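Reviewing the structure listed below.
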Amino acid sequence: MAYRVLNLSVFLFSFILLSQTSCQANPIDIKSKTDIKNVILISIDSANPGYFGFSGYSYNTTPSIDSLAKKSFIFDNAMTTAPVCLPAHSSMLTGTIPPYHGIRDNLSVALNEKNITLAEILKKKGFKTAAFVGSKLMDKRFGLNQGFDVYDDTFSHEIPVDFPAERRGVEVSERANQWLEKNGNKPFFLFVHFFDPHQEYLPPKGFQTPAVPRQQHGPFMLWNNQDSYRSKDYQTELAYTDRAFSLIWQQLKTMKIEKNTLIVITSGHGQGVSMSAEKYHSFTVGKKMLNIPMIFRLPGIDFQTRIDNTVGIIDLVPTICSLLNVKFKHTVHGNDLTPFFENPKKSNFKNQFYYFETYIPTKYRIKPQIGLLSDQWKYVRTNTLKLFDVKKDKYEQYNVSENYTEQLHEMDNYLTEIIAESQAKHHKPIPVDVEPWIVEDFSRRGHIVGQIDLENMNPLDLNHREVIYYHNAMGEIYRNLSVSADAEHQMHQPQENVLNRVEKSYIDQFIVDFPDLPQAHFYLGLLRYEQQNPQEAVEHIEKAMYLGLKDKYAYYKLAQFYMELDNKEEALSTYQEAIKVFPESKQINLALSKCYYEQKNFEQATKYCKAILKSDPKNKEAKALLKTIKKNDGKFELGDLFN
C-alpha cells in the first residue's frame, strides 16, 4: 500500500471476504487499465445519497451524475466522520479523524498547518492545485487552503441578502472552468465544493427538477407539515447542483482531457431532509446524517461496479494517492480502496471500524454522540450505550446492546483507545475570529451557536430526541421570523395569529421544559428581538449567559439589543466583559474601538485598534479605523457593526 496507517490495533480487524454486487466479471489491473494524470474531487455539501438517480430515486434529479455513474465504482455504504461541514471536510482532505486533526465544529477554529492535506501531497509531486468553494464555512481562514496554489473563496455573485455566506453552484463551476482553461494542460488536482443542497433550500428563480415542480410556500409552515415542501426544494437544489457539475464535465470534454482525469464525487456529510428526527444535520449520528455518496470515475473503465461494504471519507486520500502511484509517509487513518476496483468479488481487505462523532449536542449541555461502524455493527456512545446490527437492521431501529453485551463492551474499549491515542498525537487547532454576519447567516440555517464541550463537564440529563425536536422547531421559527420578505423564494414574515399559536406551542413550552438550558433562553431572546421586544430579548440573552453560554456572537447580540434600547453604556459594558473572555478576538476589539471612537475617547479607541494590528498588521478594518481616529474628524454609527 502507498500509505502508512496510524498504529492503532483497534482500527484494523481480521481479513473478511467482501460481499457486493458488481457488473465486473473478471479481475483487472486497474493501474494498467487507466491513465490518470489529473484528479477532480467534488464535494456536494449535505448530499443525501437516496435522492440521486443512480441510487434508484424515482425523480430525474441528477442526470449528469447518473450518466457518469454508469461507468464508475459506487460505494453504497460510504460514511463520514462527522455530520458537520468543517470537521468532515478536514477528514476528507487529510484522511484523518476529528480527534486527530482537531476540528470538531464550524466557525471557531482552523486546521493546524502540521496536518498534511491531499493538496500538499500532490503539489509536492508536481501537480497544479486549485479549490473553488461555495460557502464561507470553507473559507481559507479555516485552514483547508493548505497546499492549494489557488483557493477561491471570494464571492462576487447575486444571492439573496438573507443568506450571503454562500454562492451558487454554477458560479463555482464557471470559476473552476476558467482555471481549467489556463491550467488543464498539465497534471492538476482540482477540488470543487458545491453548497446548494445545504439548508436553507433556495434554488434559483425559475429552476425546477424535472417532474418535480417548485412549490409555493405559505406564510409559515410548521415542521410536521413541511416535509413534502422541504423534500421538493431539496430535490431542486440537488438538480441545480447536477447542472453545475455538468458544466465541469463538459469543459473536460471540450479540452479533451476527460480520458486522463479521475473524478471522485462525494459529500462532507448526509442530510435528514424529511421523515427523520433531525431535519437537517449536525445534532445526531443516524444513517441519513453519516451516509454519503462516493463515486470513483476511473478513465478507461466502461462498466459500473457497486460495492456495499462499509468505507469512509478518510479513505479518499490513500485511495487517490494509490491510483496515482504517489507515496507518502505521514499518518492517515483510512484504507486504500483500490483492491475493490481490481477484484471486488475475490479480493481480501482489512475491515475497519470507522470512527464518527458529533459534539454539537454539548452546546445544549447534552453528552456528545460518538461511535464506531463496521460492515455489521454500529456502536453509539452517548447518555446511553447503543448497538445496532446494521446487516439485519438497515434503518437502525433496534438497540441490541442487551443481547450482545460482549460485543458492546469490546467496541466501547476500542473506542476509548482510538480517542486516547489520536488525541495524544493530534495537532491543536488554531482559534479563528469570524464576523457576526457570517455567524448570523448560519444560525438562521439551523447551526447551533455556542462552544462545544470536549470535556463534557456537568452535562444535563436530557433526552436527545426531545431536545432535537425543540431545536428543529426553534430553528424553523427563527428562520421564518428573521428572513425578510423575498418574492423570489416566497418566504414571508408570519402573521400575528400564526405567531401567537407557534409561541404557545413551542417557544414558551421550550422554557418550561428546559428552564436551565442556556440555548433555550438564547433562542427565545433572538425571537423576542424579531418581535420588536428588545427588553425581553436582553433579559433572555442575559439569562442564557448567566446559565453558562459563552459565545462571541451572544455578546454581539446582547450589545445590539442594548443599542436598540438606546443604552450605549450597557452596550459598551457588554463588549468590555466580552474582551475579558475572548481577549484575542479581533471582532470584539474592533467593536470596542468603534464604541470608544463614538464617545470621542480616542485614546481607548486607538488602544483596541492597535491590539488588532499587533497580531494582524494587514487588517484592513483596523487600519482604516485607526487612520480615521488619527484624523479625528470621521463619523461612525455603531449600528454599522451589525450590517
Side-chain angles (χ1 to χ4, degrees), residues 8 10-14 16 18-20 48-50 55 75-84 87-88 91 97-99 266-272 275-278 281-294 307-315 333-335 337 349-361 366-419 422 463-465 468:
L8 292 174
V10 297
F11 259 51
L12 303 177
F13 293 80
S14 58
I16 61 168
L18 300 181
S19 60
Q20 64 282 311
N48 183 318
S55 293
F75 291 92
D76 289 314
N77 285 302
M79 62 161 289
T80 187
T81 54
V84 187
S91 291
I97 61 176
T266 188
S267 178
H269 52 74
Q271 188 80 327
M275 299 303 290
S276 60
E278 184 177 8
H281 62 269
S282 82
F283 197 89
T284 61
V285 291
K287 183 178 177 66
K288 288 186 178 181
M289 315 308 158
L290 297 182
N291 195 206
I292 56 174
M294 188 178 288
I307 303 159
D308 63 11
N309 291 82
T310 299
V311 298
I313 198 171
I314 55 175
D315 297 331
H333 298 142
N335 283 320
L337 301 180
F349 191 72
K350 289 184 177 181
N351 186 29
Q352 181 173 359
F353 273 145
Y354 286 90
Y355 174 91
F356 59 83
E357 69 167 41
T358 176
Y359 274 81
I360 301 304
I366 307 174
K367 289 186 178 181
Q369 294 189 333
I370 56 179
L372 299 171
L373 178 67
S374 69
D375 287 338
Q376 180 170 0
W377 300 106
K378 181 175 182 179
Y379 168 64
V380 182
R381 179 199 290 172
T382 179
N383 55 335
T384 59
L385 303 182
K386 300 178 181 179
L387 184 68
F388 302 98
D389 185 342
V390 292
K391 274 193 173 182
K392 299 178 180 178
D393 180 17
K394 181 179 179 181
Y395 298 104
E396 302 167 13
Q397 294 178 305
Y398 306 104
N399 180 5
V400 296
S401 58
E402 294 184 0
N403 298 332
Y404 296 91
T405 55
E406 185 175 346
Q407 180 70 33
L408 179 79
H409 293 146
E410 183 180 14
M411 294 184 74
D412 188 64
N413 290 334
Y414 292 159
L415 181 60
T416 299
E417 292 183 41
I418 288 170
I419 295 171
S422 295
N463 181 281
H464 280 80
R465 282 189 171 272
I468 190 59

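Note that the numbering runs from 1 along the sequence shown for the chain. A quick note: this is a predicted structure, and the numbers were derived from the prediction, not measured.
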Can you measure from OG (S422) to CD (E417) and round to the nearest 0.5 angstrom?
-> 11.0 Å

Steps toward side chain to side chain donor-acceptor pair (under 3.5 Å) verdict (E357, Y359) = CA-CA 7 Å; E357 69 167 41; Y359 274 81; 5.0 Å; no

Is a donor on one side and an acceptor on the other found under 3.5 Å between the side chain of D389 and the backbone of D393?
-> no

Partners passing side chain to side chain donor-acceptor pair (under 3.5 Å) against S91 (at least two apart in sequence or in another chain) = T81, H101

Which value, rounded to the nearest 0.5 Å, describes the distance between I418 atom CD1 and N413 atom CG?
-> 11.0 Å

With N291 via side chain to side chain donor-acceptor pair (under 3.5 Å) - residues at least two apart = none

Set of residues satisfying side chain to side chain contact (heavy atoms under 4.5 Å, CB included) with respect to E406, sequence neighbours excluded | none

Among N309, L337, D315, T310, find the residue that satisfies the side chain to side chain contact (heavy atoms under 4.5 Å, CB included) test when tested with F75.
-> L337

Below 4.5 Å, heavy atoms only, C-beta onward: do L387 and H409 meet side chain to side chain?
-> no

Backbone N or O of G50 within a donor-acceptor pair of the S55 side chain at under 3.5 Å?
-> no

Qualifying residues under side chain to side chain donor-acceptor pair (under 3.5 Å), relative to T266, sequence neighbours excluded | none

Across all chains, not counting sequence neighbours, the ring pair (Phe, Tyr, Trp, His ring centres under 6.0 Å) partners of H281 are H198, H269, H447

How far apart are the closest heavy atoms of A78 and M294, and which atoms are they?
-> CB-CB, 3.7 Å

All heavy atoms of N335 vs all of Y354, minimum pair found to be ND2-OH, 4.1 Å

Could you walk me through whether F356 and V380 pass side chain to side chain contact (heavy atoms under 4.5 Å, CB included), step by step?
-> CA-CA 9 Å; F356 59 83; V380 182; 4.0 Å; yes

Do K392 and Y398 meet the cation-pi criteria used here (NZ or CZ under 6.0 Å from the six-membered ring centre, within 45° of the axis)?
-> no

What pairs with Y404 under ring pair (Phe, Tyr, Trp, His ring centres under 6.0 Å), at least two apart in sequence or on another chain?
-> W377

Which heavy atom in P361 sits nearest to a heavy atom in F283, and how many Å separate them?
-> CG-O, 3.3 Å

When rounded to the nearest 0.5 Å, the distance separating CD1 of I366 from CD1 of I360 is 12.0 Å

Under 4.5 Å between any side-chain heavy atoms of L373 and F353, yes or no?
-> no

Q369 CD to L290 CG distance, which is reported to the nearest 0.5 Å | 9.5 Å

Starting at CD1 of I307, measure out to CG of D76 and round the result to the nearest 0.5 Å.
-> 9.0 Å

All heavy atoms of V390 vs all of K378, minimum pair found to be CG1-CB, 3.7 Å

Shortest non-hydrogen contact from N399 toward F388 | N-CE2, 3.9 Å

At their closest point, which heavy atom of G268 faces which heavy atom of A88, and how far apart are they?
-> O-CB, 3.0 Å

Starting from the C-alpha separation in whole Å, work towards a yes-or-no answer on side chain to side chain contact (heavy atoms under 4.5 Å, CB included) for K367 and T384.
-> CA-CA 9 Å; K367 289 186 178 181; T384 59; over 6 Å; no

In Å and rounded to the nearest 0.5 Å, what is the OG1 to CD distance from T405 to E410?
-> 11.5 Å

